[in-house]
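Notes to accompany the following structure.
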Amino acid sequence: MLNRIAASRAALSPAERRVAALLLEPRDFVQRPVAELAGRAGVSKPTVVRFCRSVGYDGLADFKRKLAGTVNEGVPFVHRAVDEDDKPGDIVVKLIDNTVSALLRYRNEAASHAFERAISALTEAGLAGRRIEFYGIGNSGIVALDAQHKFFRLGVHVQAIIDPHVQVMSATMLRPGDCVVAISNSGRSRDLLEALEIARRKGAVTVLITCSGSPLALTAQGSNQVLLAVDHPEDHDRYSPMVSRLLHLTVIDILTTAVALRLPGERRPALQEIKRNLRVKRYPAPDDATADADGALAVSAEPRSP
């Protein structure tokens with residue numbers, strides 16, 4: 001959480017930066033009332049609240065709650081790099097520890113109001129039959145494809161686009177009401193930034209899954225731009241992003257689940273039909289099949305749970 005705020009300082013106003021300076025003592029910040037915080041920073045009380053919202057939280061109460069969780073959490077939020085002389089057992093422990101600590105850290109830092117805006121935009125686009133597109137390049141393209149696989153089962157018009165040239169062409173054809181979700185660990189891809197700029201000019205809502213303070217994150221300035229900040233200290237020079245990719249996949253799961261719950265009930269029979277159709281394509285389990293005269297397996301008519 002503190003790393004995110006530090007990365008976002010460039011986008012803050014001078015008054016908000018004075019509030020951010022108080023976070024040198026995070027426990028003290030949590031305990032002080034808004035009037036005292038404002039006095040210490042030399043700003044107005046609304047500026048303190050505005051600072052909390054600028055860095056991705058609902059307000060001062062939400063910010064203090066998440067900050068308290070960060071400073072009081074007993075899990076060590078550290079990234080343990082894999083070394084060349086590590087044994088397989090060391091690699092297993094390090095990678096799992098990195099993943100667990102990153103997920104717990106993100107649980108405490110995730111901005112619920114930003115998720116609310118993203119979920120509402122995706123739901124509205126789905127209900128209106130508008131286009132929902134997921135943009136990602138390279139490693140992030142895999143996450144975009146996973147998002148398409150999940151969202152198309154909800155009966156919405158969704159597409160994953162992982163070619164930068166096609167992203168530009170598709171963004172050019174967007175209209176107000178459409179929604180683009182851009183996924184980037186570094187937030188520095190010029191091709192992706194160009195496609196998102198076109199999408200904004202066309203009036204589409206853009207949801208940005210990237211790290212705080214990146215060029216992509218800093219474009220989330222208008223009411224139609226939503227930043228879902230995902231921060232993790234990963235060494236990009238030594239190997240391709242791993243933990244950040246798992247965090248991005250978790251964000252996609254959150255969005256998919258929340259949108260599915262908001263869609264009308266008549267959409268759910270389609271999901272059940274998909275499950276039934278996939279079930280009949282599976283090889284039967286031993287207790288659901290018998291050998292016929294030719295030795296072939298005859299599938300029982302009784303459906304199995306997935």
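Values reported hereafter were calculated over all heavy atoms of this structure, with side chains retained and with hydrogens, waters and symmetry mates removed. We number each residue from 1, following the sequence as shown.
Within the 3.5 Å criterion, the main-chain N or O of Ile161 finds a donor-acceptor partner in the side chain of Gln167. Under a 3.5 Å cut-off, the side chain of Arg245 and the backbone N or O of Ile142 do not form any donor-acceptor pair. A donor-acceptor pair under 3.5 Å links the side-chain atoms of Ser101 to the main chain of Asn98, judged by distance alone. When atom types are taken as modelled, the side chain of Asn108 and the backbone of Arg105 share no donor-acceptor pair closer than 3.5 angstrom.
Cluster annotation: Val180 is not connected to Phe152 through the hydrophobic network of ILVMFWY side chains, with a link wherever side-chain heavy atoms come within less than 4.5 Å. At a threshold of 4.5 Å between side-chain heavy atoms, the hydrophobic network of Ile, Leu, Val, Met, Phe, Trp and Tyr places Tyr135 and Val156 in two separate groups. The hydrophobic cluster containing Ile162 does not contain Val181, counting ILVMFWY residues as joined when their side-chain heavy atoms lie under 4.5 angstrom apart, directly or transitively. Val251 and Ile137 end up in different hydrophobic clusters when Ile, Leu, Val, Met, Phe, Trp and Tyr side chains are linked at under 4.5 Å. Hydrophobic cluster membership is shared by Phe134 and Ile119, with clusters built from Ile, Leu, Val, Met, Phe, Trp and Tyr side chains linked at under 4.5 angstrom.
Ion pair Arg190/Glu194 not flagged as a salt bridge, since none of the NZ, NE, NH1 or NH2 atoms sits closer than 4.0 Å to an Asp/Glu carboxylate oxygen. Salt bridge absent: Lys87 and Asp90 never bring a charged side-chain N and a carboxylate O closer than 4.0 Å.
Thr210 OG1 to Leu227 CG: the interatomic distance, rounded to the nearest 0.5 Å, is 7.5 Å. With values rounded to the nearest 0.5 angstrom, Gln148 atom CD is found 11.5 Å from Ile132 atom CD1. Expressed to the nearest 0.5 Å, how far CD1 of Ile254 lies from CG of Leu249 amounts to 11.5 Å. To the nearest 0.5 Å, atoms CG (Leu246) and CG (Leu95) are separated by 9.5 Å. To the nearest 0.5 Å, the span separating CD1 on Ile209 from CG on Asn185 amounts to 11.5 Å. The structure places CZ of Arg262 at 12.0 Å from OG1 of Thr257, a figure rounded to the nearest 0.5 Å.
Contact check for Tyr57 versus Leu67: no side-chain heavy atoms found under the 4.5 Å cut-off. Looking only at side-chain heavy atoms (C-beta outward), Arg130 and His157 stay at 4.5 Å or farther from each other. Asn139 places none of its side-chain heavy atoms less than 4.5 Å from the side chain of His248. Within the 4.5 Å cutoff, the side chain of Glu133 has heavy atoms near those of the Leu174 side chain. Side-chain contact between Leu12 and Val55: present, with at least one pair of heavy atoms (C-beta onward) separated by less than 4.5 Å. For the pair Arg200/Thr206, a side-chain contact is recorded, criterion being any heavy-atom separation below 4.5 Å from C-beta on. Looking only at side-chain heavy atoms (C-beta outward), Pro264 and Leu127 come within less than 4.5 Å of each other.
Val226 and Ala114 get closest at one heavy-atom pair: CG1-O, 3.4 Å. Minimum interatomic distance between Arg117 and Asn224 (heavy atoms only, all atoms of both residues): NH2-N, 4.5 Å. Residue Asp62 comes nearest to Arg65 through the heavy atom pair OD1-NH2, 2.8 Å, listed as atom of the first residue, atom of the second, then distance. In this structure, Ser140 and Ile183 approach most closely via the heavy-atom pair CB-O, 3.2 Å. Summarising the geometry of Ala15 relative to Val43, their closest heavy-atom pair is O-CG1, 3.6 Å, with the distance given to 0.1 Å. Contact record, Gly213 with Leu218: O-CD1, 3.9 Å, taken as the closest heavy-atom pair.
The side chain to side chain donor-acceptor pair (under 3.5 Å) test applied to His113 returns Asp58, not counting sequence neighbours. Residues forming a ring-ring contact (aromatic ring centres under 6.0 Å, His included) with Phe115 (at least two apart in sequence, or on another chain): none.
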Derivation and outcome, side-chain contact (heavy atoms from CB on, under 4.5 Å), residues Leu208 and Leu196: CA-CA 9 Å; Leu208 314 175; Leu196 267 292; 3.8 Å; yes
Step-by-step side-chain contact (heavy atoms from CB on, under 4.5 Å) determination, Leu103 to Thr99: CA-CA 6 Å; Leu103 287 169; Thr99 301; 3.9 Å; yes
Audit row: Arg50, Ser13, side-chain hydrogen bond (donor to acceptor under 3.5 Å, both in side chains) steps and yes/no: CA-CA 10 Å; Arg50 188 164 56 248; Ser13 68; 5.6 Å; no
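Residues Glu116 and Ser120 bring a donor and an acceptor atom of their side chains to less than 3.5 Å of each other. Side-chain contact check for Thr47 and Arg18: no donor-acceptor pair (N or O, by modelled atom type) lies under 3.5 Å.
Under the 30°/60° scheme for interplanar angles, the aromatic rings of Phe29 and Phe63 are found to stand perpendicular.
Screening Leu23, Leu22, Leu37 against Phe51 for a side-chain contact (heavy atoms from CB on, under 4.5 Å) leaves a single residue, Leu23.
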